[in-house]
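Shown next, in structure tokens, is the structure this report addresses.
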Amino acid sequence: MNGESSVILLVEDEPAHAEIVQRTLRVSSVTNRLMYVPDGQAALDYLFRRGAYAAPGLSPRPSLILLDLCLPKLDGLEVLKIIKADSDLSSIPVIVLTASGSRQDKELAYNHHANGYLVKPLDVLRFVNLLEIHGDYWLSWNRNSLLAC
Amino acid sequence: MRERNGTMTGKVLQRLPRWGSGLIMAFALIALAAGFWWGVSYHDRKLRVKFLDNARMVSRAIDWRLIRELSASEADLLSPAYRRIKEQLTSIHQAASNNRFVYLLKQKSDGTVIILVDSEAPSSKDYSPPGQEYQEVSPAIRQVFSDNREAAVGPVNDRWGRWISAVIPVVDPETGTTVALLGMDIDGRDWNRDLVQETLESMALILVIVLPLSIYVIQRRRIEQSLRMSRDEWQNTFDSMPDLIAILDTDYRIVRANRAMRQKLGLECGAIVGQPCYRYMHHLDAPPDFCPHAKLLKDSACHAEEVQLPVLNGDYSISVTPLHDTAGTLTGSIHIAHDITLRKRAEEELHDSEERYRMLFNEALIGICMADVETGVIIDCNQAMAELTGRPIAELIGAHQSSLHPPQESSSLLFSPTFLLHKNEATGTVLSGQLITASGEIREVEIKARAFAFRDRQVMLGTFNDVTERNRAEVALRESKEHYKSLYRLIRLMCDNVPDLIWAKDMDRRYIFANKTMCEILLGARDTQEPIGRDDTFFSERERGRHPEEPNWHTYGEICANTDLEVMTSKKGGRFEDLGYVKGQQLYLDVSKAPFWDEEGAMIGTVGCGRDVTKVKQLEQEHKKAEELLRHNEEHLRRAEEMGHLGHWSLDLKTSEQTWSDEMYRIYGVTPEEFQPGYESIFQLVHPDDHEARIRSYVTVRQEGKANFEYRVVRPDGEQRIISGTAEMQYDSSGEAQAMFGTVLDITELRLKESELHRKNAEMERFTYTVSHDLRSPLVTIKTFLGFLEQDLAADDPERVTQDIAYIHGAADKMRRLLDDLIEMSRVGRIVNIPTQFSFQELVEQTLVIVAGQITTLGVDVTIQQAELSFFADRARLTEIWQNLLDNAVKYMGNQPEPRIEIGVSGTGRDTVFFVRDNGIGIAPQHTEKIFRLFEKLDNKSEGTGLGLTLVKRIVEMNGGRIWVESDGEGQGACFRFTLPDALMMNHLTIEKE
């Protein structure tokens, strides 16, 4: 697995939570570079390479998006909808990370084609496992597809 | 009484002489005895005087000297004095033979009396020797001794017998002393004999003279008394005669008049005597022509007349009888007037009566016939008989009674007088029979025959009543009666088999008819006959009497009487409602009464018919109550519909007529005057988008019998209402749809409330969600970093440890801030300070003081618009609005080189809008709603919890206002506008508005 080739986009408004994800990834086998945006608007700007991310090379296409649902300006669910509605972006697996354990949120997320759902505080083992199994698959698939390209 | 008195008087008068003569006899005897006694004593005195005279004469013959010589002893026998004296005394004794003893007595000095000498020969057994003591000497003799006075004493009893003695003192003339007492004794019996003889002789003389005189006097008295009695009797008789009797003299003067006459003429006895009779009897100055007295004066004969005397007011029979004196000369007459008024009247009446009966006989409608019992021959008959038989009276009289009857008819024999007599039917009996007329017609008759004695012969009186017609009528009547009887039975049966009360009463309100129901329900009569002749009071009192403890047990009876009277007085029928208690139960009667007339049109009673309508009345009352309840309920329904905005409607499927309740009109915003509900007309008021829904519900209700619907109504004034309704089919008993019924509920307010509730719920959900999320977030941080901290501490990485702790601190602080803000939020509306009055200016200036630090730091230019506004509100809370908005403005000022904030007011009254405008970073249009939400932050770099605007919004809403933000986009600045209608001092404005 070559982590150098793909990035993981973390959309998280809470710096402490971003730090948690970063640390968690660091202890796991995932070595992909972690890109970090603080709100939904910024996430879309990154993905669609506009605004602050308009310049080329600033926003490599992520092979996995870790998306917080509770975001300023534009909330996570809206971002998810836009990603999954976009033909180009829809293939990027999105794992929802949220402090909300509500069933409704979970259902909404899956309804909008979220690829995974993790409730904070992150159980490090579960998170890593999820990333290793699913993320690896996606990441591998992503890499393979890239290779195919 | 008078007679009895008279009898009594007569008896007394008869007895009196008998009793008187006895008295007289007694008196006479007493007088005789007294006379005898007196004669005895008279002669006794006379004899004694004579005796003394004799003795005195004798004493003078005795020589007192001789006496002195006496010695009063045996010696004297030889004394010559003694002998001399003895001789003298013997001779005296012999000379007067009635002298039994003649002797001399001497009182001795010791008081003893001795006999000196007596006239008895010594051979006599009665001889007393000289000196013999006279032991039986009487006090009278001693008295003579003591006073020397002669006395005739006795009768004295001594041993020799009973004697009357004459004692004469013999006195010595020389000394004047008494020498002796000469005593002469006459035998008491001889004395008495002489005395009686003397007396009887004188008595006989008297009797010879007095007795005839007495007899004469007594006889005379008797005659006189008898005469007086007979005169009184005559006078009484005269006065007690009821006839008017007067004795007249020849000059017509009244000599006497009896009491009847005096009373009749009203005169006293004295006043009438001597007056002329005609003046009083006839009030005339001369005798009337008919005067019988005048006739009598002419011929001296008796006369009688019957005349009417107006003065005496009646008829009188007057008779006169001549009166003659002893010489045979006519002296007058006895004039007797006998009142015959009554007799006259009786005669007249008899005459009248006879006339009447004769008339009756002649004019009687029934035939009357008299026949001789012996012969059977008709003696007399009346006109009716003649008419009945068709034969003249003349022919009938003398005919045989059997000719009256048909020959073959048994009545000819049956009614023959002889037969009837033999049958002992003399008292009369009524039998039916037949008569034959002259023309041979047979008539049915009723015959009453009776035999009676009439002038020495037996006569049969027969009355014949033609009953031919009557018999026919009777047959008809009988048939008619039978008819009526069966009719009555029919009516009775009918009347007794109806549940109604039927009756008839007479004018005294007594029943003459009462049917069974009447008897059972109202009267409590035993049977239908009991009420006859009785009135209501009888039954009501009887019923009340059975339950005296309950005054209201039975009140019927009197009320009925009232309506009876009403009918009787008004003479018109009427309908009444009678109410009362019958046997403890309240009874309503619907009564019809009518007067009852006879054929002449006179009212003879009332008839009535009553129906027990108690149940009907109760039902009526219940119905009335139900109606009232219904009205009440209708009113409640109307009010309920009005209050609950629920209307109802019905649709008659046959007429397609639709009826709406009041509330229906209100819901649709129309009035009954301008709007006629109908299938089409309603469509005009339904929102076009909901037409289909309406049609669908209509189809559903027709198919399924029931439907619920909801659609929008657009009122004529454009207001839109949401209604919800139900409709139901109504079917008749055969299952055919008759009508449609439904309700309509105006749910506009409900829907608004619902949406509000939804909104609130959403907000609540969001709040909960957000709070849980935002509170969770720092917790997650803390928990995770605590885990990291453990690892880092284990790895002994001080740099990382410091970093971990910093994260934990940050999260804890954030959590604290969040909680503080949440508490503040919850305070809004929960904790209310006492409202005070303050001006807009005061408020803004106070707020600026609070945020002065930030403003000064950034060098913000703050402009405040002057406004004359006053609040009456929770000042601290209002201050928070401006404070937060100013904080916000400063916080999102961005990199504005000339930061500026404007505070102001626009509009008036409740619509006054406050604003806080800045020229900061502004807000994207899509976020203008979001910013007021809980925990929403547009910039996560900014400090704060995201609760500030939410708090402001809540305070604004608490004061009845709203808040919104205006921004032309990012970098264009923002303007927060809000209203606070409830916080404003609105007094004058409110008035304006009103």
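Letters A, B, ... mirror the listed sequences (proteins, then strands); counts begin at 1.
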Original post:
Where do B:Y807 and A:I20 land on the side chain to side chain contact (heavy atoms under 4.5 Å, CB included) test, with the steps shown first?
Top reply: CA-CA 10 Å; B:Y807 275 113; A:I20 292 165; over 6 Å; no
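- Applying the 6.0 Å contact sphere to CG of B:N895 captures no more than 12 heavy atoms from other residues, nucleotides or ligands.
- Contacts between A:D75 and chain B at a heavy-atom distance below 4.5 Å involve the backbone alone (N, CA, C, O).
- Around the CD atom of B:E898, the shell of radius 6.0 Å holds no more than 12 heavy atoms that belong to other residues, nucleotides or ligands.
- The local environment of CZ in B:R900 is sparse, with at most 12 non-hydrogen atoms from other residues, nucleotides or ligands closer than 6.0 Å.
- More than 12 heavy atoms of other shown residues, nucleotides or ligands fall within 6.0 angstrom of atom CZ in B:R759.
- Atom OG1 of B:T784 is separated from atom NE2 of A:H17 by 6.5 Å, given to the nearest 0.5 angstrom.
- Interface summary for chain A: among B:G810, B:P778, B:S777, the most heavy-atom pairs under 4.5 angstrom belong to B:S777.
- Residue-environment remark: CD (B:E790) stays at or below the threshold of 12 foreign heavy atoms within 6.0 Å.
- Heavy-atom proximity under 4.5 angstrom to chain A picks out B:R800, B:Q803, B:D804 from residues 795-806 of chain B.
- Once rounded to the nearest 0.5 Å, the distance linking CZ of B:F785 with CZ of A:R23 reads 5.0 Å.
- By the neighbour-count criterion of 12 heavy atoms within 6.0 Å, atom NZ of A:K84 is densely surrounded, having more than that number from other residues, nucleotides or ligands.
- The number of heavy atoms from other shown groups lying within 6.0 Å of CZ (B:R962) does not exceed 12.
- Inspection of non-hydrogen atoms places no residue of residues 850-861 of chain B under 4.5 Å from chain A.
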